[in-house]
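Here the structure is laid out as structure tokens; the discussion comes afterwards.
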Amino acid sequence: MPRHRRGFDTEQARAHLGRRDRRLGGWMKRIGVLEPEPRWRRAFDPVDALARAILYQQLSGKAAATIVGRVEAAIGSRRLHADTLGWVDDAALRACGVSGNKALALRDLSAREARGEIPTLRQMSTLHQDEIVAALTPIRGIGRWTVEMMLMFRLGRPDVLPVDDLGVRKGAQVIDRLEVMPTPKELLARGERWGPYRTYASLYLWRIADFATGAKAPTKRSQE
């Protein structure tokens, strides 16, 4: 069974993209080299990462971190899993600042983990990225974008293009000098030339979007 390594050769990706897309290549030279993501080399717990992604949704980083800290204190652990989350009831979660919908999402995640439906990190290494998306998106509160961020920033899969992400679409609009952002379908077709390194292209598209709008720092995309 083939195994997927975490991460990819960013120098090779940059050279490939520069050859395949002159417009993107020009912007890549302007922005400079994007180094490999450090978390590609770090072990992580998929269930814990998904639980934190749920808690961080639709909140500022500071507010979400405060709530996560309260939940960790309530369960007496920094590991968010079925066993530890099971130590507190929904009222205790609400007291930590967790919304009712997020509490339901955490319970669904816990139930699926208990049934063995969440692939482990080792199991993910043998799965195609589409299989990982199919396995995780049935979880309440976990959409395709959240899984794509895990694929890109944690698992280091080289060929992920989050076509629904507004930053990626904005970056594509900038490089092609379009009046409006491309639709997800149009971006999917446009991105065919970037394969098999659409992840690295996406990283540049985010930077291009930030650069074009005068952002002082790149917008944070990855999940906590």
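Note that these values count all heavy atoms, side chains included, but never hydrogens, waters or copies made by symmetry.
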Set of residues satisfying side chain to side chain donor-acceptor pair (under 3.5 Å) with respect to [X], sequence neighbours excluded:
{"X": "Y200", "answer": "none"}
{"X": "S125", "answer": "R3"}
{"X": "D108", "answer": "R112"}
{"X": "R78", "answer": "E72"}

With a 4.5 Å cut-off on side-chain heavy-atom distances among I, L, V, M, F, W and Y, is there a chain of contacts connecting [X] to [Y]?
{"X": "W145", "Y": "F153", "result": "yes"}
{"X": "L127", "Y": "L155", "result": "yes"}
{"X": "L59", "Y": "V98", "result": "yes"}
{"X": "W206", "Y": "L34", "result": "yes"}
{"X": "V33", "Y": "M152", "result": "yes"}

Pairwise salt bridge (Lys or Arg N to Asp or Glu O under 4.0 Å) hits with a residue in [range], at least two apart:
{"range": "residues 192-201", "answer": "D159-R198, E192-R198"}
{"range": "residues 126-146", "answer": "R144-E148"}
{"range": "residues 179-189", "answer": "none"}

From [atom1] ([X]) to [atom2] ([Y]), nearest 0.5 Å:
{"X": "R169", "Y": "L178", "atom1": "CZ", "atom2": "CG", "result": "11.5 Å"}
{"X": "T146", "Y": "L50", "atom1": "OG1", "atom2": "CG", "result": "8.0 Å"}
{"X": "Q173", "Y": "L187", "atom1": "CD", "atom2": "CG", "result": "11.5 Å"}
{"X": "L17", "Y": "L203", "atom1": "CG", "atom2": "CG", "result": "10.0 Å"}
{"X": "I175", "Y": "L24", "atom1": "CD1", "atom2": "CG", "result": "5.0 Å"}
{"X": "L55", "Y": "L80", "atom1": "CG", "atom2": "CG", "result": "6.5 Å"}

Do side-chain atoms of [X] reach the backbone of [Y] as a donor and acceptor pair under 3.5 angstrom?
{"X": "S110", "Y": "L106", "answer": "yes"}
{"X": "R6", "Y": "R154", "answer": "yes"}
{"X": "R190", "Y": "D176", "answer": "no"}
{"X": "T66", "Y": "K62", "answer": "yes"}
{"X": "E113", "Y": "H81", "answer": "no"}

#### Entry: Among T126, I132, L136, side chain to side chain contact (heavy atoms under 4.5 Å, CB included) partner for P119
L136
### Message
As a quick check of understanding, evaluate side chain to side chain contact (heavy atoms under 4.5 Å, CB included) for F211 and R30, giving each step before the final call.
### Response
CA-CA 10 Å; F211 186 93; R30 187 173 182 179; 3.4 Å; yes
Mind listing the closest non-hydrogen atom pair of [X] and [Y] along with its distance?
{"X": "Y204", "Y": "R14", "value": "OH-NE, 3.0 Å"}
{"X": "V133", "Y": "P138", "value": "O-CD, 4.4 Å"}
{"X": "G141", "Y": "I54", "value": "O-CG1, 4.5 Å"}
{"X": "A212", "Y": "V174", "value": "CB-CG2, 3.7 Å"}
{"X": "L166", "Y": "M181", "value": "O-SD, 3.7 Å"}
{"X": "G97", "Y": "I67", "value": "O-CD1, 3.5 Å"}

### Task
Take atom NZ of K170 as the centre, draw a 6.0 Å sphere, and report whether it contains more than 12 heavy atoms from other residues, nucleotides or ligands.
no
#### Entry: Within 6.0 Å of CZ in R115, more than 12 heavy atoms from elsewhere
yes
### Message
Filter on side chain to side chain donor-acceptor pair (under 3.5 Å), then keep only pairs touching residues 84-96, sequence neighbours left out; what's left?
### Response
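Residue pairs with at least one partner in residues 84-96: D90-R107.
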#### Entry: Min side-chain heavy-atom separation L109-L85 under 4.5 Å
no
### Message
Please evaluate residues W27 and L205 with respect to the criterion side chain to side chain contact (heavy atoms under 4.5 Å, CB included), reporting the C-alpha separation (whole Å), side-chain torsions for both, the decisive distance (0.1 Å), and the verdict.
### Response
CA-CA 9 Å; W27 271 99; L205 291 173; over 6 Å; no
### Query
By side-chain contact (heavy atoms from CB on, under 4.5 Å), which residues pair with H16, not counting sequence neighbours?
R19, R20, P196, Y197
### Message
List the residues meeting side-chain contact (heavy atoms from CB on, under 4.5 Å) with Q129, not counting sequence neighbours, and say none if there are none.
### Response
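In terms of side-chain contact (heavy atoms from CB on, under 4.5 Å), with neighbours along the sequence ignored, Q129 is linked to L151, R157, V160.
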### Task
Scan residues 28-52 for pairs that pass ring pair (Phe, Tyr, Trp, His ring centres under 6.0 Å), counting only residues two or more places apart or in two chains.
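Matches after skipping sequence neighbours: F8-W40.
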### Query
So does D48 pair up with R52, basic N to acidic O under 4.0 Å?
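Yes, charged N to carboxylate O under 4.0 Å.
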## Note on the structure
Sorted by chain and number, sequence neighbours left out, ring pair (Phe, Tyr, Trp, His ring centres under 6.0 Å) with W194 holds for none
